[in-house]
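Structure, as structure tokens:
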Amino acid sequence: MSRQDRQLKVGLLFAESGVTAAIERSQRCGALLAAEQVNREGGVLGQPVLTLVGDPGGDPDRYRDLCDDYVRNHGVRLMLGCYMSHTRKAVMPVVERADGLLFYPTPYEGFEYSPNIIYGGPAPNQNSAPLAAYLTRHYGARVAFVGSDYIYPRESNHVMRHLYKQHGGEVVEEAYMPLYPSADDLAQVVERVVRAAPDVVFSTVVGTGTASFYQALAQRYGNGPRPPIASLTTSEAEIAEMGAKVACGNIVVAPYFTSVDSPQSHAFVSACRAFFPADVRITAWAEAAYSQMRMLCQAVNATGSLEVEVIRNHLYHASLDSPQGRVHVEQQNNHSHLFARIGEIDASGQICIKWQSPVAIRPDPYVVVHNLDDWTASMAGGGPS
Ligand code: ACM
């Protein structure tokens, strides 16, 4: 086998432009930071990790074509990327046909399994379930759902509706807007929220529409009290776009925030500050991309193999002391054991952790194990950082 055949090549599938560019640039920087660190530490199998990049621009067809190009023209079978679920679904058949592996560092709606995908972001039992318990306990029973109109928000709301009902809550509105909302789209959705008078808004709006929606809602309520917005996808990248004044008081859920107080988190934040361009934010999804790249490199170095089956089997028995805490991949479903943290955004735009799971939560993408009682117990067990 030639030296070139023994080089780890990873095809990155993150957009530099388009509706989700801010968050995908953050993920890409996380992945590249991990590769750079691994290369400084001696590389993989004695050679530098090679990362291939392109700009699929948030368009599912372009993710599929980029992935196909990596496979056909560059001999790459290991991919890391995708943010929106319809982009992952576009890439999935290409990765499956090539019998490759896609590392997917993003929260998603669950109810999926592919032997060729390693899910590195939370499924609903790792973010929606603790959030529903937290919101009904601290904010009230009436929730309005607002989402972008594609698969993740609709499926995610399906699960959240069920969870809210379990807690005795009520969904008083469910409204969707296009991924690129017009001023009219925003105004209509905001009016529906105001009329429904919820205690809290659960937002599954993604990308650039996030800042526009938060701003439109804040403007509509003016100086009066307004319901807080809780989200699984709003991150430091979207907070920077909307500004701290609009973001203040809203609620976010993720496995990681930069305020996590551990040596691994501090080292990650310093490394990101030195490596990321000034306009790229450190986010939970950059942390997920970073950790997945490190786990992949660790697996290839430990096994001495670039074979997909060997790497995947190693992942099931390995773990990583990541910035969020110790994580590993669950053999039963290829999803990751991850922490859950609920934070509130303060007046300076920083995320203050209000609750965190005492341990990494086992992934249950088909929600077969968890029920309300599990979550009540787990909420009591967690606490502020
Ligand atoms: C998403 O579409 N999974 C954020």
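In each ligand, atom 1 is the first atom listed, and ligand 1 is the first ligand listed. Here the structure is a predicted model, which means the values were calculated and not measured.
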Qualifying salt bridge (charged side-chain N to carboxylate O under 4.0 Å, His left out) pairs with a residue from residues 145-168, counting only residues at least two apart or across chains
Asp149-Arg154, Arg161-Glu174

Can you tell me how far the CZ atom of Phe14 sits from the OG1 atom of Thr87, to the nearest 0.5 Å?
9.5 Å

Near Tyr108, which atoms of ligand 1 are under 4.0 Å from a heavy atom of that residue?
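In order of numbering, the contacting atoms are 3 (N).
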
In ligand 1, which numbered atoms sit nearer than 4.0 Å to a non-hydrogen atom of Met84?
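Taking each heavy atom of Met84 in turn, ligand 1 has 1 (C), 2 (O) under 4.0 Å.
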
Does any N or O of ligand 1 fall below 3.5 Å from an N or O anywhere on [X], backbone included?
| X | result |
| --- | --- |
| Val206 | no |
| Ser85 | yes |
| Tyr150 | yes |

Looking only at protein heavy atoms, which one is nearest to atom 3 (N) of ligand 1, and how far off is it?
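I find the closest protein heavy atom is Pro107 O, 2.8 Å.
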
Six-ring centre of Phe257, Arg341 cation under 6.0 angstrom, axis tolerance 45°
no

Take atom NE2 of His328 as the centre, draw a 6.0 Å sphere, and report whether it contains more than 12 heavy atoms from other residues, nucleotides or ligands.
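Enclosed.
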
With side-chain contact (heavy atoms from CB on, under 4.5 Å) as the test, pick out the partner of Val49 among Val300, Leu296, Val44.
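Single pass found, and it is Val44.
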
Contact between ligand 1 and Tyr104 is defined here as a heavy atom of the residue under 4.0 Å from a ligand atom; is it met?
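Flag set, Tyr104 near ligand 1.
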
Considering all heavy atoms, the nearest Gln37-Ala271 contact:
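Scanning both residues, the minimum pair turns out to be NE2-CB, 3.6 Å.
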
